[in-house]
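When a residue number appears, it is its place in the shown sequence, counting from 1.
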Amino acid sequence: MKITASSRTRLRRLLKAFDGLRHGLILLHDYPDPDAIASALALKCLVERRRPKCRLDIGFGGIVGRAENRAMVRATREDLHALADLDLTKYDGFAL
């Protein structure tokens with residue numbers, strides 16, 4: 001896949017938003033679906049690989065209720081956190 005100059009520019013802008021961030025939270029919408037979960041996982045992977053000093057958690061409101069959504073979370077072995085269980089003061093940045 002060819003990466004264009006425009007794509008590189010957008011990637012640099014995205015990563016710049018995470019400059020200096022030590023511990024951030026990617027916050028999904030309530031009752032997240034597979035698209036939202038996959039997008040959060042992709043963002044986390046991209047940022048943590050390009051900004052190794054930055055650690056990101058993924059949080060959501062509501063529940064991961066539908067069977068296919070729970071299966072995706074299990075298959076990815078990713079730790080998603082209910083917003084009610086998080087201490088938001090420990091984060092120095094948020095991605096929505």
Side-chain angles (χ1 to χ4, degrees):
M1 179 162 105
K2 184 177 178 182
I3 299 175
T4 65
S6 174
S7 295
R8 281 191 201 95
T9 299
R10 286 193 302 269
L11 177 60
R12 276 193 298 275
R13 285 183 193 156
L14 173 67
L15 292 172
K16 187 171 175 52
F18 292 88
D19 283 351
L21 190 70
R22 305 294 277 167
H23 193 192
L25 177 65
I26 300 169
L27 186 58
L28 301 174
H29 59 72
D30 291 351
Y31 309 99
D33 58 9
D35 291 339
I37 296 167
S39 296
L41 292 171
L43 180 61
K44 178 178 178 166
C45 180
L46 177 67
V47 171
E48 288 183 345
R49 286 185 183 191
R50 297 291 184 104
R51 299 290 185 266
K53 293 180 181 178
C54 180
R55 189 173 133 242
L56 294 172
D57 293 334
I58 301 173
F60 64 92
I63 61 169
V64 178
R66 296 183 66 144
E68 61 269 23
N69 300 354
R70 290 192 313 269
M72 181 174 183
V73 171
R74 278 193 308 277
T76 61
R77 296 188 181 120
E78 185 61 40
D79 205 15
L80 274 66
H81 308 279
L83 187 57
D85 297 335
L86 294 174
D87 174 9
L88 299 180
T89 63
K90 75 178 188 177
Y91 298 104
D92 55 352
F94 298 90
L96 305 175

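Although no hydrogens or angles enter the test, the distance criterion places a donor-acceptor pair under 3.5 Å between the side chain of D92 and the main chain of H23.
Closest heavy-atom contact between A95 and F18: CB-CZ, 4.2 Å. The minimum heavy-atom distance between C54 and E48, with the atom names listed, is O-CG, 3.4 Å. Listed here is the closest heavy atom pair of P32 and G61: CD-O, 4.1 Å.
Between atom NZ of residue K53 and atom CG of residue D19 there is a gap of 11.5 Å, rounded to the nearest 0.5 Å. Taking CG of L86 as the start and CD1 of I58 as the end, the distance is 11.5 Å to the nearest 0.5 Å. Distance check: L96 CG to H29 NE2 gives 12.0 Å after rounding to the nearest 0.5 Å.
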Evaluate L83 against L28 for side chain to side chain contact (heavy atoms under 4.5 Å, CB included), listing each step before the verdict. CA-CA 9 Å; L83 187 57; L28 301 174; over 6 Å; no
Test log, rule side chain to side chain contact (heavy atoms under 4.5 Å, CB included), inputs F94 and L88: CA-CA 9 Å; F94 298 90; L88 299 180; 4.2 Å; yes
Evaluate side-chain hydrogen bond (donor to acceptor under 3.5 Å, both in side chains) for R10 paired with S6, printing each intermediate quantity in order. CA-CA 6 Å; R10 286 193 302 269; S6 174; 2.7 Å; yes
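The closest side-chain heavy-atom distance from L43 to L14 is below 4.5 Å. For the pair L21/R51, no side-chain contact is recorded, criterion being any heavy-atom separation below 4.5 Å from C-beta on.
Within 6.0 Å of the NZ atom in K90, the count of heavy atoms belonging to other residues, nucleotides or ligands exceeds 12.
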